[in-house]
Amino acid sequence: MLRHGDLVISQTPNILMYLAPRLGLAPTADEDEDAIYRLNALVLTALDGLSNEVHDCHHPIAVGLYYEDQKDESLRRTRDYVANRLPKYLGYFEKVLKGKASGEGPWLYGGRFTYADLVLFHCVDGLKFMFPKAMKLMEKEHKGVFELYDAVKARPKIKEYLASDRRQPYSEGIYRHYDELDVTE
């Protein structure tokens with residue numbers, strides 16, 4: 001939830017759509033009136049395929065059940081995700097990066113760093129924690145996505161944050177690492 005004056009906004013993509021132009025992480029409507037919607041589509045795609053679907057890898061039957069109660073199903077779901085869904089979504093972002101709308105350079109839209117790049121960075125970072133073996137294999141085929149990841153990681157304030165105590169480690173959230181789920185096929 002975000003409260004700004006009397007306005008209360010819920011849902012991460014909604015909050016990001018509101019904050020991004022105000023923080024210089026999206027073009028303003030005067031600069032590009034459709035940009036916020038194009039960026040939001042990229043964000044929603046990243047969150048759907050590289051975050052929401054990822055959660056199903058350790059909770060494929062029910063979120064109310066513990067991972068330990070659905071291990072066999074989790075392994076089956078993870079194998080399918082790593083073999084089919086993960087390359088599909090990384091491939092999509094690879095195409096976006098090579099497309100005309102991305103502009104020159106490593107960014108997803110308009111040749112400039114936006115909040116969509118931050119969201120993709122976070123998803124890739126979580127996936128690298130969750131599935132280090134599979135993500136290592138994905139680097140060759142989806143070079144642009146990993147170049148974007150490295151470019152975001154190298155930004156001075158991001159680099160400073162990542163090295164700070166403020167950054168919380170991955171643990172029992174969406175991106176969890178289980179050795180038995182770190183599959184390559």
Side-chain angles (χ1 to χ4, degrees), residues 1-60 62-64 81 85-86 88-90 92-97 99-130 144-176:
M1 302 280 294
L2 171 74
R3 179 183 299 268
H4 189 207
D6 292 335
L7 179 64
V8 177
I9 303 172
S10 62
Q11 301 297 328
T12 300
N14 243 2
I15 293 167
L16 293 172
M17 256 177 74
Y18 179 77
L19 289 175
R22 289 162 175 79
L23 297 174
L25 293 170
T28 64
D30 291 338
E31 295 171 304
D32 182 345
E33 67 181 338
D34 298 332
I36 198 71
Y37 304 108
R38 291 189 175 117
L39 289 168
N40 191 51
L42 293 168
V43 165
L44 291 171
T45 301
L47 293 175
D48 282 349
L50 302 174
S51 181
N52 295 342
E53 285 192 35
V54 169
H55 183 264
D56 294 344
C57 288
H58 48 80
H59 284 87
V63 295
Y81 180 80
R85 305 298 285 168
L86 180 57
K88 175 184 175 179
Y89 281 99
L90 293 177
Y92 168 77
F93 284 105
E94 191 70 24
K95 286 179 190 171
V96 169
L97 288 164
K100 195 175 189 179
S102 73
E104 298 298 321
W107 310 122
L108 289 168
Y109 186 79
R112 68 187 263 189
F113 178 66
T114 68
Y115 78 105
D117 301 307
L118 277 171
V119 170
L120 183 58
F121 164 81
H122 181 73
C123 291
V124 170
D125 194 60
L127 287 163
K128 285 172 73 94
F129 172 79
M130 190 169 181
V145 171
F146 289 91
E147 287 173 353
L148 179 145
Y149 172 82
D150 289 337
V152 172
K153 194 174 183 176
R155 294 180 68 84
K157 289 184 180 183
I158 300 289
K159 188 176 182 178
E160 180 183 324
Y161 170 74
L162 293 173
S164 76
D165 299 4
R166 295 182 346 212
R167 184 177 193 211
Q168 295 183 7
Y170 293 107
S171 61
E172 292 298 310
I174 293 169
Y175 301 105
R176 301 178 186 187

side-chain contact (heavy atoms from CB on, under 4.5 Å) partners of Tyr161, counting only residues at least two apart = Ser164, Arg166, Arg167
Could you tell me the separation between the CG atom of Asp117 and the OG1 atom of Thr114, rounded to the nearest 0.5 Å?
-> 4.0 Å
Rounded to the nearest 0.5 Å, how far apart are CG of Leu148 and CZ of Phe121?
-> 9.5 Å
Residues at least two apart in sequence or cross-chain that pass ring pair (Phe, Tyr, Trp, His ring centres under 6.0 Å) with Tyr92, listed by chain then number, are none
Report the residues that fulfil ring pair (Phe, Tyr, Trp, His ring centres under 6.0 Å) with Phe146, sequence neighbours left out, ordered by chain and then residue number.
-> none
Measure the spacing between CG of Leu97 and OH of Tyr109 and express it to the nearest 0.5 Å.
-> 14.5 Å
Do you know which two heavy atoms are closest between Val145 and Leu90, and how far apart they sit?
-> CG2-O, 3.6 Å
CG of Leu127 to OG of Ser51: how many Å apart, nearest 0.5 Å?
-> 8.5 Å
Would you be so kind as to tabulate the donor-acceptor pairs closer than 3.5 Å made by side chains of residues 2-19, with sequence neighbours excluded?
residue, atom, partner, partner atom, Å
His4, ND1, Tyr18, OH, 2.5

Looking at Cys123 and Leu47, what are the two nearest heavy atoms and their distance?
-> SG-CD2, 4.4 Å
Minimum heavy-atom distance between Ser102 and Trp107, given as atom pair plus value | CB-O, 3.2 Å
Go through the structure and list residues passing side-chain contact (heavy atoms from CB on, under 4.5 Å) with Glu53, not counting sequence neighbours.
-> Arg77, Tyr81, Arg85, Tyr89
Nearest heavy-atom approach of Leu118 to Leu25 is CD1-CD1, 3.9 Å
Residue pairs, two or more places apart or on separate chains, that pass salt bridge (Lys or Arg N to Asp or Glu O under 4.0 Å) and touch residues 20-45 = Glu31-Arg112
So, does Asp150 use its side chain to make a donor-acceptor pair with the main chain of Glu147 at under 3.5 Å?
-> no
Please tell me if the side chains of Leu86 and Leu50 come closer than 4.5 Å, counting only heavy atoms from C-beta onward.
-> yes
Pairing residues for Lys159 by the side-chain contact (heavy atoms from CB on, under 4.5 Å) criterion, not counting sequence neighbours = none
From His122 NE2 over to Tyr149 OH, what is the distance, rounded to the nearest 0.5 angstrom?
-> 10.5 Å
Inter- and intrachain pairs under ring-ring contact (aromatic ring centres under 6.0 Å, His included), touching residues 19-56, at least two apart = His55-His58, His55-His59
What pair of heavy atoms forms the shortest contact from Val119 to Ala46, and how long is it?
-> CG1-CB, 4.0 Å
Residues that Ala26 engages under side-chain contact (heavy atoms from CB on, under 4.5 Å), provided they are two or more places apart = Ala20, Pro21, Ile36, Leu39, Tyr115
Do Phe129 and Tyr175 have ring centres separated by under 6.0 Å?
-> no
